[in-house]
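Remember, it's a predicted structure, so these values are computed and weren't measured experimentally.
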Amino acid sequence: MISCNYRYVVNSSDYFIRAKVSAALSRTRTATSLCTWSVEAVPLKSAPKETRFVFVTGGVLSGIGKGVTTASIAKIFQFRGYTIRIVKIDPYLNIDPGTLNPIEHGEVFVTDQTWTFKPVDDFTFKISEIDQDFGTYERFTGTVVHPFQNITSGQIYISVILEERKGAFLGRTVQIIPHVTERIKSRILAVVNQEPIPDVLLVEIGGTVGDIEAMPFLEAIRQFISEVGRNRVALVHVTLVPFLASVGEFKTKPTQHSVRTLQGLGLQPDIVVCRAESELPDAARQKIALFCNVPEERVISNPDIPVIYRLPLHFEEHGLGDIITDHLGMESRTLETDSWTEIVESFENITETVVIAMPGKYTTLSDSYKSINEALTHAAAKYGVGVQIKWIETEESCDKLSLTEALREADGILLTPGFGSRGVEGMINAAAISFTSNIPFLGICFGAQLGSIAFARTTMGWEGAHTTEVDPNCLYPVIDMMDDQKNTEDKGGTMRLCGHEVRIVEGTKLHSIYSTNQVRERFRHRYHLISRYVDRMAENGLIVSAYDSTGTIINAIELTNHPFWIGVQYHPEFKSQPGAPHPLYSGLIRAALDYKRERET
C-alpha cells in the first residue's frame, strides 16, 4: 500500500488530503463552523459522476495560445450555464514560477489567497505566485483562481521524494509509474472535489507534446481517461499551421507529426484547434482530418484576431460549443452570449487612440507585463478608445534627453514593476520628467518606489536617495527592505504576497477614484517606502494616500500639485476584467485622454 499525505492551507480554509493509493478507499468530507473541511483523496472511479473533463495539449511549439484556447472553451461552457474550474500543469521543476525571469517565462500572476503546500510534515511552501495563464482564465471566465490549481513537476516530485525519505514507500521501488502518475491524478481530483463541484474541469498541460518533462503528465492523463471513462473526457490538441509565403500554402505536416506523437503516447485527440495567421481553407482542414483521424468538423480554425476576447464567439460560430458538449453527452442548452458580445464590441468600436509609455526593464517580451497590458485595454474600451503601448527599454534609454524625446508623443506614463538594478536609472529619470510635464503617471510596485526616489532627488534635493535593493549603502534609503524580510534567506514564496487590505486616506485623488475607504488588492514585494522620508516629502506635495490595515505600511502615494500622479505598492492589474476595468487604470486612461485633447487644442 502506498501512503501519501498533503495539507493545503488557504487562509480561513484548510484542505486536507490523506491519500492511500488503494482500491478500497472512500471519500469523506467534514465541515466545521470555522469553514474548515477535509477531503480524502479517492480512487478515480469515485470522481464526481456529473463532472466532465477537458484536457488541452499543445504541439509544434510553445506560446501558440493554449491558455487563451482553454479559457475560451471554458467560456463556451459558461455561455450554456455550466460551471467550470481550470487546472494548469507546468512541467518545470520549480515549486512555483515566482523566481523565474519574466523575459523567459512571462509575468507571474498573483492570487488573492495563499496556499500552504505541505508535501510532508516538516516542509511547507507558501504559494501565491502562479502561471500567467491564470490571469487569462480569470479575465475570460470571471472566476477567482486558487494557487493549488497550478500543478508543477516540482510540487509532484518533491512530494514523492520527501515521502520516500519518510518511509512512505518501504519495500517498494519508487518509480514514475505508478507513484508519480498517481500523485498527478490525485492532485487533479483534489481540485475537482472542492465544493462546489464544477460541471466541467479543464486541464491545460503546459509545454509541447514530445517534451521529456511533460511525459509523466501525459501518461497520467492517459490513465485518468481510461479510469473515468472515455465518454466523460474531451481531448483538445492545439497546434500551429504555418503559412509558407514562398508557395502560398498552409503547411499541415507539423500538425500531423504533433498528433502522431500524441497518438504514440496513447492519446487520440477529439478536437484539433489550428492556430494560423488567417482562417484555414477547407482543403487544409480536410487534410488534417484525414491524417489525424479526426472528423473534419472537429478541425477548428483559430486565426489571428484583433480582439482576443472574441475567440469564444469565433469558436461558437464554428460549432465548437455544440461539438464539445455533444461529445461529452451534456444537455443541450440555450446560449447566452449577449453580455459577452457587448463587451467584445466595446473593444472593437473605438474612436481614437491614447499612447501610454511603459518604461521598464522587461520590454523585450510583452508577456512580462501581460496583465498590465490587458488592464489598459479594459480601461480604454470603457471610454471607447484604443490604447497604443510605447515600450521604452530603460537600460538603453536612460538619460533625460533621450527619455524626453521618447515620451514626447505619450499621453500617459505607466512605470512598470520589476526587481534589481538593471535599467533603474532610466526608470527614475522617466518619473522625474513627469513632474514638470504634467503628463499622467501611474507607478506600479517597483515603479511607485522609483517614482518616490525621483521625487526625493529632484524636488527634495537628496542626491543620494535610492533603494537599498540597488544601493545598500545609499545616503537616503527612501526604499528599504521590510523588517520581517531582513532575516529571510529563501527567495521563493517569501515576499509579501497575495491579497491584503488597503485603507485609503479620505480627501486624496486615490479616494476619489475608488469612492471608498477600504479595498483589497494583491501584493508582491519585499521592499517598501520608509515613512520617515515620505513624511518629509509631504511638505513639498508628495503624500501618502493609502496604508495597510495596521497603518504602518505605505500602500500608495500621490502628488497634490499634479493632475494625475499616483504610485501604488500593489498590483491593481490582477483584478481588472473586460467590461469591469480596475478604477486605477480607468483613472489613468481618463487622465491620458484629457491630456491628449488639451494638447491638441
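Around CD1 of I212, the count of heavy atoms belonging to other residues, nucleotides or ligands within 6.0 Å does not exceed 12.
Under the 30°/60° scheme for interplanar angles, the aromatic rings of H314 and H318 are found to be tilted.
In plain terms, the two heavy atoms of C445 and R524 that are nearest each other are SG-O, 3.6 Å. Between I127 and I130 the shortest heavy-atom distance is CG2-CG2, 4.3 Å. Heavy-atom minimum distance, L262 versus P269: CD2-CD, 4.0 Å. Nearest approach of F564 to L584, heavy atoms of both residues: CZ-O, 4.2 Å. Counting all heavy atoms, side chain and backbone alike, G579 lies closest to I343 at N-CG2, 3.9 Å. Scanning all heavy atoms of the two residues, the minimum distance from F441 to G447 falls at CZ-O, 4.3 Å.
Contact check on R80 versus E316 returns a salt bridge, with a Lys/Arg side-chain nitrogen under 4.0 Å from an Asp/Glu carboxylate oxygen. A salt bridge between R599 and D411 is present, with a side-chain N of the basic residue lying under 4.0 Å from a carboxylate O of the acidic one. Using a cutoff of 4.0 Å between basic side-chain nitrogens and carboxylate oxygens, R522 and E138 are scored as salt-bridged.
Taken to the nearest 0.5 Å, the CZ atom of R52 stands 6.0 Å off from the CZ atom of R232. Atom CD of residue Q149 and atom OG1 of residue T143 lie 7.0 Å apart, to the nearest 0.5 angstrom. Note that OG of S278 is 13.0 Å distant from CD1 of I305, once rounded to the nearest 0.5 Å.
Residue pairs satisfying the ring-ring contact (aromatic ring centres under 6.0 Å, His included) criterion with at least one member in residues 362-393, sequence neighbours excluded, are listed as follows: Y309-H378, Y369-W391. Applying the side-chain hydrogen bond (donor to acceptor under 3.5 Å, both in side chains) test to pairs two or more places apart or on separate chains, those with a residue in residues 57-68 are T57-H237.
D96 and N150 share no donor-acceptor pair across their side chains, judged by distance under 3.5 Å alone. E213 and Y92 share no side-chain donor-acceptor pair at under 3.5 Å. Defined by atom type and a distance below 3.5 Å, a donor-acceptor pair is missing between the side-chain atoms of T181 and E219. T69 and R275 form no side-chain donor-acceptor contact under 3.5 Å, judged by distance and modelled atom types alone.
Applying the side chain to side chain donor-acceptor pair (under 3.5 Å) test between Y137 and each of E204, K75, K88 identifies E204 as the sole match. Looking at L497, V110, V502 one by one, the single match for side-chain contact (heavy atoms from CB on, under 4.5 Å) with F523 turns out to be V502.
The closest donor-acceptor contact from the side chain of Q155 to the backbone of I95 lies under 3.5 Å.
In this structure, the ring of F134 has its center no less than 6.0 angstrom from the ring center of H146. Aromatic pair F117/F148: ring centres not closer than 6.0 Å.
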Taking only distance into account, with no hydrogens and no angle test, what donor-acceptor pairs under 3.5 Å do side-chain atoms of residues 351-359 form with protein atoms, sequence neighbours excluded?
unit_1 : atom_1 : unit_2 : atom_2 : d
T351   : OG1    : G384   : O      : 3.2
E352   : OE2    : R597   : NE     : 3.3
E352   : OE2    : R597   : NH2    : 2.5

